[in-house]
S.K.: 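My structure is below; once you've seen it, I'll send some questions.
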2 protein chains.
Amino acid sequence: MFSIGDLARDTGCKAETIRYYEQIGLMPEPARSAGNQRRYTQRHRDRLHFIRHARSLGFTIDDIRELLSLSDDEHRDCSAVDALARRHRDAVTARIESLMTLRRELDRMIGECGGGEVGQCRIIEVLRDHRLCESGHPLA
Amino acid sequence: MFSIGDLARDTGCKAETIRYYEQIGLMPEPARSAGNQRRYTQRHRDRLHFIRHARSLGFTIDDIRELLSLSDDEHRDCSAVDALARRHRDAVTARIESLMTLRRELDRMIGECGGGEVGQCRIIEVLRDHRLCESGHPLA
DNA sequence: TCTTGAAGCTATAGCCGCTACAGGTATTCA
DNA sequence: TGAATACCTGTAGCGGCTATAGCTTCAAGA
């Protein structure tokens, strides 16, 4: 049996986080010691590893809830898993693209600033007037 | 004089957001009509445009607070502005890189899943065991 | 066996940057 | 004048944790 601290050390997350996962129903309630402390099994440990791994890949808690429930039934067709992963990858791709647009614009602003006084600073000037932007980054 | 709705339409943000900016001290308190409604000047409008533009480039509220305060003094040296912008660009770059690492790993997982049953699904398998990851994405 | 310090417990509030109510008042246009 | 729309304040919620306060329990050493 593992204490909450064992699991925390093992997965690199904090005890508070594990309690939080329990509270939102992502981790099942474990057994308790005589003194009311949580006592986990290997199954709990595996589940927490799964959760942390999926989180580290950027899946949302709701995604993970679904992945866990899908993975429960070994004989189910895995197309739903596949679809969820693809959806997430596409969202990551979109996010990368929008960040690259931002970076292009930031680079341009920084490159055009030749030092000197704030009154002539290109960065401030561009921030004051979106029409000076070239990359068409969205204002919203 | 502009109403809060005028400013909202003009900048593409919601009236609630403008009131929020006032509440946190990012926008100054405007004058009020006889009936206690906010009445803005062109200066307010410019400031809000600046804020929204900087937000759309990913600057945090605190960054923007500093940019605004730096931009107040036209004769100040703009190196602080430059440094802030570079710092932000570097953070964006780091974020892009970490998202690209994620995407590589997601792509690999998705590519290896050949359909079939959940029991053989590579996506689930990888999520269960981080050692199956190649890209070395951070677990934390 | 006793002590002490670390680890655990619950409950609650805070982080960011908004957004969404609820329940009331002001303004505007026909 | 009346109806529709906009605006007001105050509060709570989103996601995914993190931090605190004030307590109890556990485990290792003397």
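In the text below, chain A, chain B and the rest are named by the order of the sequence lines, each starting its count at 1.
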S.K.: Would you kindly give the CD1-to-P distance between B/I24 and C/dT19, to the nearest whole Å?
M.R.: 13 Å

S.K.: Starting the side chain at C-beta, find the nucleotide from D/dG16, D/dC8, C/dT19 nearest to B/K14.
M.R.: C/dT19

S.K.: Quick check for you: among C/dT19, D/dT20, D/dC8, whose closest atom lies nearest to any side-chain atom of A/E16?
M.R.: D/dT20

S.K.: From D/dC17, C/dT27, D/dC8, pick the nucleotide closest to the side chain of B/S33?
M.R.: C/dT27

S.K.: Output yes when at least one side-chain N/O atom of A/R55 is less than 4.0 Å from OP1 or OP2 of D/dC17, else no.
M.R.: yes

S.K.: Could you tell me the separation between the CZ atom of B/R38 and the P atom of C/dA26, rounded to a whole number of Å?
M.R.: 14 Å

S.K.: Roughly how far, to the nearest 0.5 Å, is CG of A/L48 from CZ of A/R52?
M.R.: 7.0 Å

S.K.: Does the pair B/R128/A/D46 count as a salt bridge with the N-to-O cut at 4.0 Å?
M.R.: no

S.K.: Does a side-chain N or O from A/R39 land closer than 4.0 Å to OP1 or OP2 of C/dA7, or not?
M.R.: no

S.K.: Of the nucleotides D/dC7, C/dA20, D/dC17, which one has an atom closest to the side chain of B/I4?
M.R.: D/dC7

S.K.: Tell me the interatomic distance from A/R19, atom CZ, to C/dC9, atom C1', rounded to whole angstroms.
M.R.: 7 Å

S.K.: For B/D10 and D/dA6, what is the distance between atoms CG and C1' respectively, to the nearest whole Å?
M.R.: 17 Å

S.K.: Return the value, rounded to whole Å, for the distance between atom CG of A/L26 and atom C1' of D/dG16.
M.R.: 11 Å

S.K.: If you find the nucleotide of DNA chain D closest to B/N36 and the one closest to A/I61, which residue's nucleotide is nearer the 5' end?
M.R.: B/N36

S.K.: Quick check for you: among D/dC17, C/dC18, D/dC26, whose closest atom lies nearest to any side-chain atom of A/Y20?
M.R.: D/dC17

S.K.: Looking at D/dT20, D/dC7, D/dG16, which one has an atom nearest to any side-chain atom of B/S3?
M.R.: D/dC7

S.K.: So, A/D6 side chain and A/S3 main chain: donor-acceptor pair closer than 3.5 Å or not?
M.R.: yes

S.K.: Select one nucleotide: of D/dA6, C/dT10, C/dC18, the one nearest the side-chain heavy atoms of B/Q37.
M.R.: D/dA6

S.K.: Rounded to the nearest angstrom, tell me the gap between atom CG in A/D6 and atom C1' in C/dA7.
M.R.: 11 Å

S.K.: Side chain of A/Y21: nearest nucleotide among D/dC17, C/dT10, D/dC26?
M.R.: D/dC17

S.K.: What does A/R9 touch in the nucleic acid at a heavy-atom separation under 4.0 angstrom: a base, only the sugar-phosphate, or nothing?
M.R.: nothing

S.K.: Report the distance from atom CZ of A/R103 to atom CG of B/D90, rounding to the nearest 0.5 Å.
M.R.: 9.5 Å

S.K.: With a cut-off of less than 4.0 Å, is there a side-chain N or O of B/R52 near OP1 or OP2 of C/dC18?
M.R.: yes

S.K.: Mind calculating the distance between CD1 (A/I18) and C1' (D/dG16) to the nearest angstrom?
M.R.: 15 Å

S.K.: If we ignore hydrogens and angles and just use 3.5 Å, is the side chain of A/E134 paired with the main-chain N or O of A/E105 as donor and acceptor?
M.R.: no

S.K.: Between P on C/dG17 and CE on B/M27, what's the gap in Å once rounded to a whole number?
M.R.: 17 Å

S.K.: Under 3.5 Å, is there a donor-acceptor pair between the side chain of A/H53 and the main chain of B/V126?
M.R.: yes

